[in-house]
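Structure provided below as structure tokens; questions to follow.
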Amino acid sequence: MFGSIPDVNVQALLALALFMVSLMIARIINNITSKKWPGGTLWVFYLRVLLGFTLAASAIMGFYAFAGISIINTR
């Protein structure tokens, strides 16, 4: 399916998807912190670490896609 799409474009789409996941995780953290959802400080810590990794991956993939460098398929 993605064979005909250039690697850099797939990388940009993946960066956007990771950013959307980051927004979802931030919403979950906000709901747990405001006591709308059950969870403790350990869950918030875990989700904040996961948020950091997904934001970093999204930013790196986005910058590389903008520069035209493919890090998905290095041959």
Side-chain angles (χ1 to χ4, degrees):
M1 177 176 156
F2 293 115
S4 62
I5 302 174
D7 291 340
V8 177
N9 291 352
V10 173
Q11 184 175 313
L13 287 173
L14 188 59
L16 285 173
L18 283 170
F19 184 72
M20 296 303 277
V21 169
S22 298
L23 289 177
M24 185 180 69
I25 293 171
R27 172 73 113 188
I28 291 170
I29 292 170
N30 190 20
N31 285 338
I32 291 174
T33 306
S34 65
K35 303 291 185 196
K36 289 182 184 176
W37 290 0
T41 56
L42 189 62
W43 270 105
V44 171
F45 175 73
Y46 167 72
L47 288 172
R48 284 183 179 170
V49 169
L50 186 63
L51 177 65
F53 280 120
T54 55
L55 274 176
S58 169
I60 289 170
M61 291 191 113
F63 286 139
Y64 273 98
F66 184 70
I69 302 168
S70 175
I71 59 174
I72 293 176
N73 197 5
T74 56
R75 295 179 207 163

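If you read the sequence from its start, that first residue is 1, and numbering goes on from there.
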Verify same cluster id: L47, L51 (apolar side-chain graph, 4.5 Å):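 Yes, it is one cluster - the side chains of L47 and L51 are joined through contacts under 4.5 Å.
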Can you list, by chain and residue number, the hydrophobic cluster partners of L16 when the side-chain cut-off is 4.5 Å?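 Via sub-4.5 Å side-chain contacts, L16 links to none.
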Determine the minimum heavy-atom distance between T54 and S22, stating which atoms define it.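 Closest approach of T54 to S22, heavy atoms only: OG1-OG, 2.9 Å.
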Flag the pair M61 / I72 as yes when at least one side-chain heavy-atom distance between them is below 4.5 Å, and no otherwise.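 In short, these two side chains touch, coming nearer than 4.5 Å.
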Could you list the residues that satisfy side-chain contact (heavy atoms from CB on, under 4.5 Å) with L23, not counting sequence neighbours?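 Partners of L23 by the side-chain contact (heavy atoms from CB on, under 4.5 Å) criterion, ordered by chain and then number, come out as F19, M20.
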Donor-acceptor contacts, no H, no angles, side chain residues 26-43, under 3.5 Å, sequence neighbours left out:
| unit_1 | atom_1 | unit_2 | atom_2 | d |
| --- | --- | --- | --- | --- |
| T33 | OG1 | I29 | O | 2.7 |
| S34 | OG | N30 | O | 3.0 |
| S34 | OG | N31 | O | 3.4 |

Please say yes or no: joined through hydrophobic side-chain contacts below 4.5 Å, possibly via intermediate residues, are V21 and Y46 part of one cluster?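 Shared cluster, yes.
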Taking side-chain hydrogen bond (donor to acceptor under 3.5 Å, both in side chains) as the test, write out the residues that go with S58, two or more places apart.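 Here no residue qualifies.
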Distance in Å, L14 CG paired with N9 CG, rounded so as to fall on 0.5 Å steps: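 If I round to the nearest 0.5 Å, the distance is 12.5 Å.
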Is the backbone of I69 close enough, under 3.5 Å, to the side chain of Q11 for a donor and an acceptor to pair up by distance?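 Looks like yes, one N/O pair under 3.5 Å.
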Taking transitive links into account, so neighbours of neighbours count too, which hydrophobic residues share a cluster with F45 at under 4.5 Å side-chain distance?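 Via sub-4.5 Å side-chain contacts, F45 links to V49, F53.
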Nearest 0.5 angstrom please: L50 CG to L55 CG, how far?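 With rounding to 0.5 Å, CG (L50) is 10.0 Å from CG (L55).
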Would a hydrophobic clustering, with Ile, Leu, Val, Met, Phe, Trp and Tyr connected at side-chain separations under 4.5 Å, put I5 with L18?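 They do share one cluster, since a chain of ILVMFWY contacts under 4.5 Å joins I5 to L18.
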